[in-house]
Colleague: 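The following block contains the structure, expressed as structure tokens.
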Amino acid sequence: MSILEKFGYEEAKIKEITKNQKICGELEALLGQVPGGSALDKTQRALVHSFATLIVKKASKEVPTALVVENIVNGNLKTNLQVEAAFNYVSGASEVTQEALASEAGIGVHVGEEDVRRKVVEYIEANKASIEEQRYKLVPGIMADVKKLPELKWAEPRLFKPIIDEEILKVLGPKDERDVVKKQPKSKKKNDAANAKKNTDAGDAPKRTMFTEGFLGDLHKVGENPQAYPELMAEHLKATGGKVQTRFPPEPNGYLHIGHSKAIMVNFGYAKYHNGVCYLRFDDTNPEAEAPEYFESIQRMVAWLGFKPWKVTYSSDYFDELYQLAEALIKCGKGYVCHCTAEEIKRSRGIKEDGTPGGERHACKHRDQSVEQNLEEFRAMRDGKYKPGEATLRMKQDLTSPSPQMWDLIAYRVLNAPHPRTGTKWKIYPTYDFTHCLVDSFENITHSLCTTEFYLSRESYEWLCDQVHVFRPAQREYGRLNITGTVLSKRKIAKLVDEHFVRGWDDPRLFTLEAIRRRGVPPGAILSFINTLGVTTSTTNIQVVRFESAIRKYLEDSTPRLMMILDPIEVVVDNLEDDFEEVVSIPYRAGTKEFGDRTVPFTNKFYIERSDFSESTEDKEFFRLTPNQSVGLIKVPYTVSFKSVEKDSDGNITKIHVKYDNDDKPKKPRTYIQWVPVSKKVDSPIRISETRVYNQLFKSENPSAHPDGYLKDINPESEVVFKNSVIEHNFHHVIENSPWVVDSVKKSEFYVEEDKDSKEVCRFQAMRVGYFTLDKESTKDKIVLNRIVSLKDSTK
């Protein structure tokens, strides 16, 4: 075995290296300096190769190399840029030291994703005018300029493109016809007019969405993914008819959260866009953690987001087939029964005590048992001979591989738990690593789309399919969606629920999909928001305020307005009789005729917000009612001016007396405020039992980083409850006719028709207060409202 083979260089790479004998010789010499013959991963092999190339091409004298090789092996030098800086240092230094090398090559300097993002955002903000003018044409220049920034010298090159793409998308939105590079026809001038007309007749450029851009736009076509056994592709194409087949495969061991909405949209949306189909497949291989409410909630949330599965399947549907393939794996010499403890397995796989890889790996003592013995032992596992932890079936993979996913993964384990669907038939259950790829194959999945934490699993996924001779689907990985300022971990949310910090898993302050739905967020708002983000291979970390802004924008076009008073104080108009009533007409939404108008009676008694009156006359920025300043009431012809107040024994104002200024021509007030009338004729006001105003659950952007734990970061003002709010009588009409959706919203690409009998669809905008909906606790006699999102903050 050559030294290149010993260190894991692939055959194709060895052929390429040996074409240049000088570089090959230098590389072999460098590998000979690797301390203790340590194993190198793929990145380290590439860096040593780069170092050898630099020495051959640039060194004018003998270069001290041992220290550089050592720093590559121990992970101090991570990029080609660092290796080149290290080469430049050792080439010119009279005396080489670790301290100087570290300084020159950026060792220990961490420039993370957030550092790169911050500088990219600063650059874009500084050059926003030219970017908005020239749009996506400037992206290559931005990349070049940002990479030259001194603060980002040691950033990993892979970080730049996805972050720049993501931040540019926020500023410019998806590419449109302005960004289409039109090829100039090679025709003669006499054909130019005809070609121009043809282009015009063809209509606008196709609409660009997340399914045509970025990660999803670059995916392979059906049938293009390579196979170890080409005949399996023919069978696959016959089964699918050449159509896209995807799957959304949740584990039914918890409630879905906002990140899952992206996975749902990616899988169902990609199939729908390509006229294909998508399975909803429950990965129910761990009966100890699964419960019926999770199955039901997951199906409910998929339907709520507007998607209908082609078929609903379960991994447990295939337990018999999976068992047969497990025996097939043993028979081909690639599976063995292991009796090591969990700790012994970790140590043999090189997993250190702190849970990180990097320790010395060694083969399990059971790895070389005969096929016959392994079959006998595996069947004994099946038949209940062993207790949990006493035996596992492991895959015989490649312990020399740099990927942990090839270090003899567990395929089956013993669990003493009945299964919700198969009862007590099985004592053994397959793991995710064994099940997922094989069930993808059984269901002829054309695009197995998952998040990037499964990137390393791709190798074991394809390996297992090939070992048992089944069609190999193509796994491809995209970046997950995270919302900052909250927690999404099932364990952490469970603690919030169990310790009564929140009302339950659907508390509107959480970001489970059940909670988001209860809060009143329309599903179409979520889908359109995800589309604006696009899909890349980078994790998308979005601030809550951006998500709320997207919801607000969606609600602007699809909710009627009402006047509601959170903290009311009664106002009496002294110069109007008790039977006075003047009807005013107010549009449900100004500028949207489809919503129509409503009438509200103006009487001699009404309610305003307590904060809309101030006894002080000194504040020049307070434009509402004061002892020396009149105020306008929305759509009422004349202003009202202050006369006096009534107070209780504690000095709190209980009532305000005003004058209706109708004895002179109307004068324009400094501002208008909302009001709710007192009227027996129309049963006004309607009193609300509870108005729940929700704010962010946590005080910081990263509650998990709190030194005393995330529970100490909870915002005490995350839920503010008003017990005496009032709303105008038209509220009943709004609720009875909800959801209110105009044609323009119905025609939008991501509109989802909702269940009209659900309470969360009863949305409206409370003027100057926010968007609200009915909570599920509302009854005929008890109105409970949830604030979906606040209104936009004013420039003041």
Colleague: Just checking Phe248 against Tyr279, ring centres under 6.0 Å apart?
Modeller: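 No; Tyr279 has its ring centre 6.0 Å or more from that of Phe248.
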Colleague: Verify, without hydrogens or angle tests, whether Gln369 (side chain) and Tyr336 (backbone) share a donor-acceptor contact under 3.5 angstrom.
Modeller: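 Checked: no pair found.
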Colleague: Rounded to the nearest 0.5 Å, what's the gap from CE on Met210 to CZ on Phe215? Could you check?
Modeller: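 So the CE of Met210 and the CZ of Phe215 are separated by 10.0 Å.
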Colleague: So, do Ser448 and Arg247 sit near enough that their side-chain heavy atoms are less than 4.5 Å apart?
Modeller: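 A side-chain contact exists here, since the closest heavy-atom pair is under 4.5 Å.
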Colleague: Between Lys13 and Glu16, does at least one N-O distance fall below 4.0 Å, as a salt bridge requires?
Modeller: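 Glu16 and Lys13: salt-bridged.
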Colleague: Supply the atom-to-atom distance Ile3 CD1 to Glu5 CD, rounded to the nearest 0.5 angstrom.
Modeller: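 With rounding to 0.5 Å, CD1 (Ile3) is 11.5 Å from CD (Glu5).
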Colleague: Decide side chain to side chain contact (heavy atoms under 4.5 Å, CB included) for Asp317 and Arg421; before the verdict, give the C-alpha distance in whole Å, the side-chain angles of both, and the deciding distance to 0.1 Å.
Modeller: CA-CA 9 Å; Asp317 293 340; Arg421 301 186 72 249; 2.8 Å; yes
Colleague: Can you confirm whether the side chains of Asp398 and Thr400 place a donor and an acceptor under 3.5 Å from each other?
Modeller: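 Yes, a side-chain donor-acceptor pair sits under 3.5 Å.
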Colleague: Using ring pair (Phe, Tyr, Trp, His ring centres under 6.0 Å), reason through Phe454 and Tyr432 one step at a time and then give a plain yes or no.
Modeller: CA-CA 11 Å; Phe454 295 101; Tyr432 172 90; 5.4 Å; yes
Colleague: Among Asp41, Thr43, Leu456, exactly one meets side-chain contact (heavy atoms from CB on, under 4.5 Å) together with Pro402. Which residue is that?
Modeller: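 The residue from Asp41, Thr43, Leu456 that satisfies side-chain contact (heavy atoms from CB on, under 4.5 Å) with Pro402 turns out to be Asp41.
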Colleague: Just so I know, are the side chains of Glu443 and Tyr318 near enough to count as touching, which here means a heavy-atom distance under 4.5 Å?
Modeller: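 Sidechains of Tyr318 and Glu443: in contact.
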Colleague: Would Lys425 and Asp320 count as a salt bridge (charged side-chain N to carboxylate O under 4.0 Å, His left out) here? Give the steps.
Modeller: CA-CA 11 Å; Lys425 177 181 177 179; Asp320 290 320; 2.9 Å; yes
Colleague: Looking at CD1 of Ile516 and CE of Met301, how far apart are the two atoms once the value is rounded to the nearest 0.5 Å?
Modeller: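 One finds 9.5 Å between CD1 of Ile516 and CE of Met301.
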Colleague: Check the pair Arg517 / Asp506 against salt bridge (charged side-chain N to carboxylate O under 4.0 Å, His left out), numbers first and verdict last.
Modeller: CA-CA 8 Å; Arg517 179 180 183 176; Asp506 63 350; over 6 Å; no
Colleague: Does the side chain of Val266 come within less than 4.5 Å of Ile530's, by heavy atoms?
Modeller: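 With C-beta onward as the side chain, the pair stays apart.
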Colleague: When rounded to the nearest 0.5 angstrom, what is the spacing between NE2 in His49 and CD1 in Ile72?
Modeller: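 One gets 12.0 Å once the value is rounded to the nearest 0.5 Å.
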Colleague: Any donor-acceptor pair under 3.5 Å linking the side chain of Ser538 with the backbone of Ile163?
Modeller: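 Flag not set: sc Ser538 to bb Ile163 has no pair under 3.5 Å.
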Colleague: Tell me whether His447 contacts the main-chain N or O of His220 through its side chain, where contact means a donor paired with an acceptor under 3.5 Å.
Modeller: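 Here the side-chain-to-backbone pair exists.
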Colleague: Can a donor-acceptor pair be found, under 3.5 Å and without considering hydrogens, that links the side chain of Arg361 to the backbone of Ser401?
Modeller: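 Answer holds: yes.
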Colleague: In the structure I gave you, are the side-chain heavy atoms of Phe295 and Asp284 within less than 4.5 Å of one another anywhere?
Modeller: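 In short, these two side chains touch, coming nearer than 4.5 Å.
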Colleague: When rounded to the nearest 0.5 angstrom, what is the spacing between CG in Leu449 and CG in Leu216?
Modeller: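 Those atoms lie 6.5 Å apart.
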Colleague: If you draw a 6.0 Å radius around NZ in Lys346, do more than 12 non-hydrogen atoms from other residues or ligands fall strictly inside?
Modeller: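 No, because the 6.0 Å sphere around NZ of Lys346 holds 12 heavy atoms or fewer from other groups.
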Colleague: Among Tyr386, Phe378, Tyr429, whose ring pair (Phe, Tyr, Trp, His ring centres under 6.0 Å) with Tyr412 holds?
Modeller: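 That would be Phe378.
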Colleague: Going through the checks in order, is the salt bridge (charged side-chain N to carboxylate O under 4.0 Å, His left out) test met by Arg379 and Glu327?
Modeller: CA-CA 9 Å; Arg379 289 166 183 168; Glu327 286 210 351; 2.8 Å; yes
Colleague: Are side-chain heavy atoms of Lys262 and Tyr478 found at a separation under 4.5 Å?
Modeller: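 Yes, their side chains come closer than 4.5 Å.
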Colleague: So how far is it from Cys437 SG to Ile445 CD1, rounded to the nearest 0.5 Å?
Modeller: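 If I round to the nearest 0.5 Å, the distance is 12.5 Å.
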Colleague: Would you say the side-chain atoms of Arg349 pair up with the backbone N or O of Pro404, donor to acceptor, closer than 3.5 Å?
Modeller: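 Indeed, once roles are kept as given, a pair shorter than 3.5 Å links the two residues.
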Colleague: What's the verdict on ring pair (Phe, Tyr, Trp, His ring centres under 6.0 Å) for Phe698 and His706, showing C-alpha distance, side-chain angles and the deciding distance?
Modeller: CA-CA 10 Å; Phe698 297 98; His706 193 285; 9.9 Å; no
Colleague: Work out which heavy atom in Gln475 is nearest to a heavy atom in Ser457; give both atom names and the distance.
Modeller: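 Shortest heavy-atom contact: NE2-C, 4.1 Å.
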Colleague: Do any N or O atoms from the side chain of Gln397 and from the backbone of Asp408 form a donor-acceptor pair under 3.5 angstrom?
Modeller: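 Yes: the side chain of Gln397 pairs with the backbone of Asp408.
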Colleague: Write down the atom of Val414, the atom of Ala391, and the distance for their closest heavy-atom approach.
Modeller: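 Looking at all heavy atoms of both residues, the closest pair is CG2-O, 3.8 Å.
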Colleague: Tell me the closest heavy-atom pair linking Leu47 and Leu77, and the distance in Å.
Modeller: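 Minimum heavy-atom contact is CD1-O, 3.3 Å.
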Colleague: Between Glu377 (side chain only) and Cys338 (backbone N and O only), is there a donor and an acceptor less than 3.5 Å apart?
Modeller: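 It does not hold such a pair.
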Colleague: Looking at Arg472, is its backbone amide N or carbonyl O close enough to the side chain of Asn225 to form a donor-acceptor pair, meaning the two atoms are under 3.5 Å apart?
Modeller: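 Here the side-chain-to-backbone pair exists.
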Colleague: Check for a donor-acceptor pair, side chain of Ser441 on one end and backbone N or O of Phe471 on the other, with a separation under 3.5 Å.
Modeller: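 Yes, because the side chain of Ser441 sits within donor-acceptor range (under 3.5 Å) of the backbone of Phe471.
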Colleague: Going by atom types only, do Asp283 and Ser315 share a side-chain donor-acceptor pair under 3.5 Å?
Modeller: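 A donor-acceptor contact under 3.5 Å links the two side chains.
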Colleague: Measure across Ala417 and Glu288 and return the closest heavy-atom pair with its distance rounded to 0.1 Å.
Modeller: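 Residues Ala417 and Glu288, closest heavy atoms: CB-CG, 3.7 Å.
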Colleague: I need the minimum non-hydrogen distance between Thr452 and Thr537, along with the two atoms involved.
Modeller: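 Nearest heavy atoms, Thr452 then Thr537: CG2-O, 3.4 Å.
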Colleague: List the steps and the verdict of side chain to side chain contact (heavy atoms under 4.5 Å, CB included) for Gln405 and Glu459.
Modeller: CA-CA 7 Å; Gln405 283 298 117; Glu459 185 176 358; 5.6 Å; no
Colleague: Quick check: closest heavy atoms across Pro420 and Pro287, and the distance to 0.1 Å?
Modeller: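 Result for this residue pair: CD-CB, 4.1 Å.
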Colleague: Would you say His436's side chain and Tyr461's backbone share a donor-acceptor pair under 3.5 angstrom?
Modeller: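 The answer is no, because no donor-acceptor pair under 3.5 Å joins these two groups.
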Colleague: Answer whether the closest heavy-atom distance between the side chains of Leu697 and Leu496 falls below 4.5 Å.
Modeller: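 Sidechains of Leu496 and Leu697: in contact.
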Colleague: Distance-only check: which donor-acceptor pairs under 3.5 Å involve side-chain atoms of residues 236-244, not counting sequence neighbours?
Modeller:
| unit_1 | atom_1 | unit_2 | atom_2 | d |
| --- | --- | --- | --- | --- |
| His236 | ND1 | Asn444 | OD1 | 2.9 |
| Thr240 | OG1 | His236 | O | 3.1 |
| Thr240 | OG1 | Gly242 | N | 3.1 |

Colleague: Report the C-alpha separation of Arg281 and Asp440 in whole Å, then their side-chain angles, then the decisive distance to 0.1 Å, and conclude whether the salt bridge (charged side-chain N to carboxylate O under 4.0 Å, His left out) test is met.
Modeller: CA-CA 10 Å; Arg281 183 208 304 154; Asp440 274 354; 2.6 Å; yes
Colleague: For the residue pair Phe529 and Ser261, establish whether any side-chain heavy-atom pair is separated by less than 4.5 Å.
Modeller: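 No - every pair of side-chain heavy atoms lies 4.5 Å or more apart.
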Colleague: Would you call Arg509 and Asp507 a salt bridge, using N to O less than 4.0 angstrom?
Modeller: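 Yes, Arg509 and Asp507 are salt-bridged.
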Colleague: Show the numbers, then the answer: is there a side chain to side chain contact (heavy atoms under 4.5 Å, CB included) between Phe282 and Gln299?
Modeller: CA-CA 10 Å; Phe282 289 104; Gln299 285 192 270; 3.6 Å; yes
Colleague: Just checking, is any N or O donor in the side chain of Glu514 or Thr512 under 3.5 Å from an acceptor N or O on the other one?
Modeller: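 No pair is found: no donor N or O on one side chain lies under 3.5 Å from an acceptor on the other.
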Colleague: Check step by step if side chain to side chain contact (heavy atoms under 4.5 Å, CB included) holds for Leu488 and Phe511.
Modeller: CA-CA 7 Å; Leu488 300 179; Phe511 279 82; 3.8 Å; yes
Colleague: Do the non-hydrogen side-chain atoms of Leu415 and Trp426 ever get within less than 4.5 Å of each other?
Modeller: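 In short, these two side chains do not touch, never coming nearer than 4.5 Å.
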